[in-house]
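Heads up: the structure comes next, in structure tokens.
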Amino acid sequence: MRNKLYLECTSGISGDMTVAALLDLGADQKKLVRTLKSLPVKGFDIKISRVMKSGIDACDFDVLLDHENHDHDMKYLYGHDGDSHSQDHEEHHYQHSHEAHEHPHSHEHHVQETHGNSHIYTETMHSHHGHHHHEHRGLNEIMEIIDHADMTDRARSYAKKIFTILAHAEAKAHNVPEDMVHFHEVGAVDSIVDILSVAICMDDLDVEEVIVPRLCEGSGTIRCQHGILPIPVPAVTQIIRTYGIAIHRLQVQGELVTPTGAAIVAAIRTGEELPEAYRILQIGMGAGKR
């Protein structure tokens with residue numbers, strides 16, 4: 001039987017949450033770091049650590065940028081400190097299969113530093129200090145970056161598919177030709193790193209089927225470079241409409257499904273129904289920042 005991945009998106013989905021969950025599931029950190037080092041992209045480091053979310057131990061994947069970034073700035077996104085409109089932005093990812101693989105990969109031997117109760121893995125990437133502006137990249141430029149990365153053909157295919165889905169959604173949302181889309185939040189360095197990391201981890205785990213029954217989303221509005229947008233944002237709405245992804249609205253104020261998260265699901269999902277019975281072989285918990 002083939003490896004199957006079940007994405008439990010009860011608390012939404014984003015790029016960093018997905019990377020963290022796949023690493024926690026057993027994806028090879030060394031392989032991920034080696035590939036990220038090969039990127040012709042400057043201005044970032046990564047940090048992989050353990051955090052507590054609602055009392056549950058989870059993996060956290062963080063892209064550390066040399067320039068200003070509003071992705072996790074609650075005051076900027078929601079116009080307040082974020083406390084009253086945010087919950088733990090968590091996600092539970094389970095891999096299951098009817099074939100018993102008894103020895104899932106362990107990532108414990110990759111831990112480099114320990115600070116208190118948190119195990120922190122840090123790796124310096126192509127850092128270019130003094131780089132303080134947002135780089136807006138077109139789809140062709142992003143495809144060139146992917147082509148020059150040291151990754152397998154399957155991982156490259158995953159990454160290109162995710163970005164193509166995003167480009168199509170942004171083009172529809174803003175009524176511009178696809179080749180004229182210049183990614184803003186999506187094209188920032190952190191999202192490039194998130195998407196390539198998901199592709200690398202999916203390839204390493206050798207997953208052939210991905211089950212995602214539905215996405216859970218919040219409500220309200222969120223600030224972006226275009227202004228104040230409703231939740232789900234237009235790019236997410238376009239993706240879930242185009243790919244027939246079911247959505248469940250929660251009584252939570254705030255964005256739980258990011259465009260990157262929605263595009264990941266659209267790119268890798270092969271089904272939406274779990275088998276009547278299955279065996280859980282390994283569990284990966286990915287933490288969010290909100």
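The analysis underlying the following values was restricted to heavy atoms, covering all of them including side chains, and did not include hydrogens, waters or symmetry mates.
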**Asked** Any salt bridge between Arg50 and Asp24, counting N to O under 4.0 Å?
**Response** yes

**Fill in**
Rounded to the nearest 0.5 Å, the CG atom of Asp204 sits from the NZ atom of Lys31 at a distance of 4.0 Å

**Item:** Between OH on residue Tyr243 and CD1 on residue Ile165, distance to nearest 0.5 Å
**Value:** 4.0 Å

**Request:** Working to the nearest 0.5 Å, report the span between OG1 of Thr152 and OH of Tyr158.
**Result:** 9.0 Å

**Request:** Give the minimum heavy-atom separation between Ala267 and Ile162, together with the two atoms involved.
**Result:** CB-CG1, 3.5 Å

**Fill in**
For Met202 and Leu22 the tightest heavy-atom approach is CG-CD1, 3.9 Å

**Asked** Does Asp153 offer a backbone N or O that forms a donor-acceptor pair with the side chain of Ser157 under 3.5 Å?
**Response** no

**Asked** Does a side-chain heavy-atom distance below 4.5 Å link Arg154 with Asp206?
**Response** yes

**Message:** I'd like to check Ile195 versus Leu166 (side-chain heavy atoms, cut-off strictly below 4.5 Å). Are they in contact?
**Reply:** yes

**Message:** Under a 4.0 Å threshold between the charged nitrogen and the carboxylate oxygen, would Asp203 count as salt-bridged to Arg156?
**Reply:** no

**Complete:** In terms of heavy-atom contacts, Ser191 and Phe163 come closest through O-CZ, 4.4 Å

**Item:** Nearest-0.5 Å distance, OG1 of residue Thr18 to CG of residue Leu25
**Value:** 12.0 Å

**Item:** Heavy-atom closest pair, residues Met17 and Ser11
**Value:** CE-O, 4.0 Å

**Prompt:** With side chains defined as the heavy atoms from C-beta onward, is the minimum distance between Val212 and Ile245 less than 4.5 Å?
**Reply:** no

**Asked** Okay, side chain of Ser38, backbone of Ala149: is any donor-acceptor separation there less than 3.5 Å?
**Response** no

**Request:** Kindly say whether Ile211 contributes a backbone atom to a donor-acceptor pair with the side chain of Lys4 at under 3.5 angstrom?
**Result:** no

**Message:** So that I can tick it off, tell me whether Lys289 and Asp60 are bridged by a salt bridge, with the cut-off set at under 4.0 angstrom between side-chain N and carboxylate O.
**Reply:** yes

**Message:** Closer than 3.5 angstrom, by distance alone: can the side chain of His148 be matched with the main-chain N or O of Glu144 as a donor-acceptor pair?
**Reply:** yes

**Approximate separation, where rounding is to 0.5 Å, of Asp190 CG and Ile46 CD1** = 13.0 Å

**Request:** Report yes if the side chains of Met151 and Ile146 come closer than 4.5 Å at any heavy-atom pair, otherwise no.
**Result:** yes

**Prompt:** Going through the distances and angles, do Phe61 and Val193 end up as a side chain to side chain contact (heavy atoms under 4.5 Å, CB included)?
**Reply:** CA-CA 11 Å; Phe61 179 80; Val193 174; 4.1 Å; yes

**Prompt:** Can you name the closest pair of heavy atoms from Arg249 and Ile231 and give their distance?
**Reply:** NH2-O, 2.8 Å

**Prompt:** Which value, rounded to the nearest 0.5 Å, describes the distance between Met285 atom CE and Cys59 atom SG?
**Reply:** 12.0 Å

**Request:** With side chain to side chain contact (heavy atoms under 4.5 Å, CB included) as the test, would you mind laying out the steps for Leu215 and Val236 before giving the verdict?
**Result:** CA-CA 11 Å; Leu215 301 181; Val236 170; 5.9 Å; no

**Message:** Can you confirm whether more than 12 heavy atoms, excluding those of Lys160, are under 6.0 Å from its NZ atom?
**Reply:** yes

**Any donor-acceptor N/O pair, Thr35 side chain to Asp150 backbone, under 3.5 Å** = yes

**Request:** Please report the closest heavy-atom contact between Leu23 and Gln29, naming both atoms and the distance.
**Result:** CD2-CG, 3.7 Å

